[in-house]
A.B. asks: 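One structure follows; several queries about it will come next.
Every heavy atom of this structure was used, including side-chain atoms; hydrogens, water molecules and symmetry mates were not.
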Amino acid sequence: MLFTKSDALLDDLYEIAKNVHQTAIYFNEYKITSLETVKTFSTEMKEYETKGDKLIHEIIVQINKTFITAIEREDVLNLAVKLDDVLDGLEFCASRLYIYDITEPDQTMVRFGQLIEEATKQILLAIELLQKQKLSAMKEYIIRINDLESEGDELVRESIRQLFKTSSDPIHIMQLKEVYEVLEDVMDHCEDVADAMESVIMGNS
């Protein structure tokens with residue numbers, strides 16, 4: 001498809017990516033210090049996730065009534081769904097922190113928060129380039145997302161290894177291991193977005 005001067009679907013996609021990044025910023029910067037604050041955190045994350053659901057609904061409506069698009073409608077929907085997976089993962093992690101009464105995030109969680117915020121920033125910058133029809137320039141951000149995901153893989157492996165070495169409480173191990181793996185899944189979802197963007201570049205080259 002040829003690009004139009006302005007594409008409503010890409011504008012909607014950018015709004016979804018922006019919400020994901022804003023959610024990641026909140027996730028990374030919010031300070032959990034007590035049961036009350038972790039409950040607030042979980043509630044606020046649910047609100048971000050609900051906003052994301054509304055944005056997904058809006059872009060599906062737009063897809064169904066749009067015939068001439070900058071990129072294939074299936075590609076737009078795929079990117080939107082992959083972005084929503086990132087958001088769902090963040091909300092799921094927040095709910096686990098609340099369920100398990102985790103009031104002191106450890107260094108692994110802190111580092112994952114930083115990685116996720118940075119990955120969603122790269123996604124947002126790439127989607128902005130997609131809006132501007134600068135497909136080849138997106139590759140720089142895709143590479144960076146892949147690098148961040150690789151760092152997340154190494155982080156979860158080493159963190160779980162240390163967890164088994166330093167903790168003798170099986171419940172504690174189970175809870176933290178799950179949280180670490182959920183955070184790794186979020187990074188995997190970020191890489192899925194990058195892969196979907198790479199497919200768009202290849203399909204429109």
Side-chain angles (χ1 to χ4, degrees), residues 3-30 41 44-60 62-63 69-94 110-152 182-204:
F3 280 103
T4 57
K5 289 185 178 180
S6 177
D7 190 279
L9 286 181
L10 296 184
D11 292 342
D12 288 348
L13 194 63
Y14 180 81
E15 289 303 313
I16 292 171
K18 184 168 71 173
N19 183 57
V20 170
H21 182 48
Q22 289 172 343
T23 305
I25 292 173
Y26 178 81
F27 185 92
N28 183 38
E29 294 184 352
Y30 186 87
F41 177 63
E44 289 294 323
M45 288 296 296
K46 184 62 181 177
E47 291 184 6
Y48 276 111
E49 192 262 345
T50 299
K51 179 180 178 181
D53 287 343
K54 292 179 181 177
L55 291 171
I56 291 292
H57 174 73
E58 289 171 6
I59 201 170
I60 289 173
Q62 189 70 22
I63 286 171
T69 60
I71 64 175
E72 295 294 337
R73 290 182 295 175
E74 293 81 2
D75 290 335
V76 175
L77 181 59
N78 185 45
L79 275 168
V81 170
K82 299 298 186 188
L83 283 163
D84 196 52
D85 288 341
V86 177
L87 194 61
D88 288 343
L90 287 170
E91 190 277 325
F92 182 74
C93 182
V110 170
R111 182 56 185 153
F112 263 119
Q114 294 167 347
L115 290 174
I116 292 166
E117 180 180 337
E118 182 61 23
T120 59
K121 177 183 176 181
Q122 302 303 310
I123 290 170
L124 185 61
L125 292 170
I127 296 295
E128 185 175 4
L129 289 173
L130 181 59
Q131 280 185 302
K132 296 177 181 177
Q133 309 169 25
K134 298 179 179 179
L135 298 186
S136 61
M138 295 169 63
K139 294 180 181 179
E140 172 187 349
Y141 301 104
I142 291 171
I143 291 170
R144 177 59 178 152
I145 295 164
N146 290 332
D147 289 343
L148 291 166
E149 192 277 334
S150 294
E151 185 175 342
V182 169
L183 289 166
E184 182 194 23
D185 285 344
V186 175
M187 288 302 300
D188 288 343
H189 293 319
C190 289
E191 186 177 47
D192 290 341
V193 176
D195 290 343
M197 291 191 293
E198 182 72 35
S199 295
V200 169
I201 295 171
M202 293 176 64
N204 289 274

A.B. asks: Hey, are the side chains of Val193 and Ile145 touching, using non-hydrogen atoms and a 4.5 Å cut-off?
C.D. replies: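 The answer is no, as the side chains (C-beta and beyond) never meet within the 4.5 Å cut-off.
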A.B. asks: Looking at CG of Leu77 and NZ of Lys82, how far apart are the two atoms once the value is rounded to the nearest 0.5 Å?
C.D. replies: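 Going from CG on Leu77 over to NZ on Lys82, the span is 10.5 Å.
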A.B. asks: So do Glu149 and Asn146 actually touch side chain to side chain, heavy atoms under 4.5 Å?
C.D. replies: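 No - every pair of side-chain heavy atoms lies 4.5 Å or more apart.
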A.B. asks: Hey, what do you get for CG (Asp53) to CG (Asp84), rounding to the nearest 0.5 Å?
C.D. replies: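 Atom-to-atom, Asp53:CG and Asp84:CG are 5.5 Å apart.
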A.B. asks: CE/Met138 to CD1/Ile143 distance, rounded to the nearest 0.5 angstrom?
C.D. replies: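 So the CE of Met138 and the CD1 of Ile143 are separated by 12.0 Å.
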A.B. asks: Is any side-chain heavy atom of Phe112 closer than 4.5 Å to a side-chain heavy atom of Glu184?
C.D. replies: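 Yes, close enough: below the 4.5 Å cut-off.
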A.B. asks: Please give me the minimum heavy-atom distance between Ile56 and Val81, naming the atom from each residue.
C.D. replies: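 Heavy atoms only, the tightest pair is CD1-N, 4.5 Å.
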A.B. asks: If you take all heavy atoms of Leu79 and Ala196, which pair is closest and at what distance?
C.D. replies: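 Closest heavy-atom pair between Leu79 and Ala196: CD2-CB, 3.6 Å.
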A.B. asks: Ignoring hydrogens and geometry beyond distance, is a side-chain donor-acceptor pair present between Asn28 and Gln114 at under 3.5 Å?
C.D. replies: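 On atom types as modelled, these side chains do not qualify, holding no pair under 3.5 Å.
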A.B. asks: Would you call Asp75 and Ser199 a side-chain contact if the rule is heavy atoms closer than 4.5 Å?
C.D. replies: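 The answer is no, as the side chains (C-beta and beyond) never meet within the 4.5 Å cut-off.
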A.B. asks: As an exercise, state the distance from CD1 of Ile59 to CZ of Arg73, rounded to the nearest 0.5 Å.
C.D. replies: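 It comes to 12.5 Å.
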A.B. asks: Restricting to pairs with a member in residues 111-120, which pass salt bridge (charged side-chain N to carboxylate O under 4.0 Å, His left out), not counting sequence neighbours?
C.D. replies: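 Only Arg111-Glu151 qualify under salt bridge (charged side-chain N to carboxylate O under 4.0 Å, His left out).
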A.B. asks: If you round to the nearest 0.5 Å, how far is CD of Glu91 from OG1 of Thr23?
C.D. replies: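 If I round to the nearest 0.5 Å, the distance is 10.5 Å.
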A.B. asks: Which distance, rounded to the nearest 0.5 Å, do you find between the OH of Tyr30 and the CD of Glu44?
C.D. replies: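 Taking OH in Tyr30 and CD in Glu44, the distance rounds to 7.5 Å.
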A.B. asks: Evaluate the side-chain contact (heavy atoms from CB on, under 4.5 Å) criterion for residues Leu129 and Tyr141: first the C-alpha distance (whole Å), next the side-chain angles of each, then the deciding distance (0.1 Å), finally the verdict.
C.D. replies: CA-CA 10 Å; Leu129 289 173; Tyr141 301 104; 3.3 Å; yes
A.B. asks: What are the two closest heavy atoms between Ile127 and Ala17, and how far apart are they?
C.D. replies: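 Here Ile127 and Ala17 meet closest at CG1-CB, 4.1 Å.
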A.B. asks: Do Arg144 and Leu148 have side chains that get closer than 4.5 Å, going by heavy atoms?
C.D. replies: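 Arg144 vs Leu148: side chains touch.
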A.B. asks: Would you call Glu128 and Lys132 a salt bridge, taking side-chain N to carboxylate O under 4.0 Å as the test?
C.D. replies: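 Salt bridge present between Glu128 and Lys132.
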A.B. asks: Please find the pair of heavy atoms, one from Cys190 and one from Thr120, that lie closest to each other, and give the distance.
C.D. replies: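 That would be SG-CG2, 4.3 Å.
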A.B. asks: Kindly indicate, with the supporting measurements, whether the criterion side-chain hydrogen bond (donor to acceptor under 3.5 Å, both in side chains) is fulfilled by Asp11 and Gln131.
C.D. replies: CA-CA 7 Å; Asp11 292 342; Gln131 280 185 302; 2.9 Å; yes
A.B. asks: I want to check something: taking the side chain as every heavy atom from C-beta on, are Ile123 and Leu83 in contact at a cut-off of under 4.5 Å?
C.D. replies: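 The answer is yes; the side chains approach within 4.5 Å.
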A.B. asks: Go through the steps for Ile60 and His57 under the test side-chain contact (heavy atoms from CB on, under 4.5 Å), then give the verdict.
C.D. replies: CA-CA 5 Å; Ile60 289 173; His57 174 73; 5.7 Å; no
A.B. asks: What are the two closest heavy atoms between Leu135 and Ile201, and how far apart are they?
C.D. replies: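 Here Leu135 and Ile201 meet closest at O-CD1, 3.5 Å.
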A.B. asks: In terms of relative ring orientation, are Tyr26 and Tyr48 parallel, tilted or perpendicular, with 30° and 60° separating the classes?
C.D. replies: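 Correct class here is tilted.
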A.B. asks: Using every non-hydrogen atom in the two residues, find where Asp85 and His189 come nearest and quote the distance to one decimal.
C.D. replies: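 Result for this residue pair: O-CD2, 3.5 Å.
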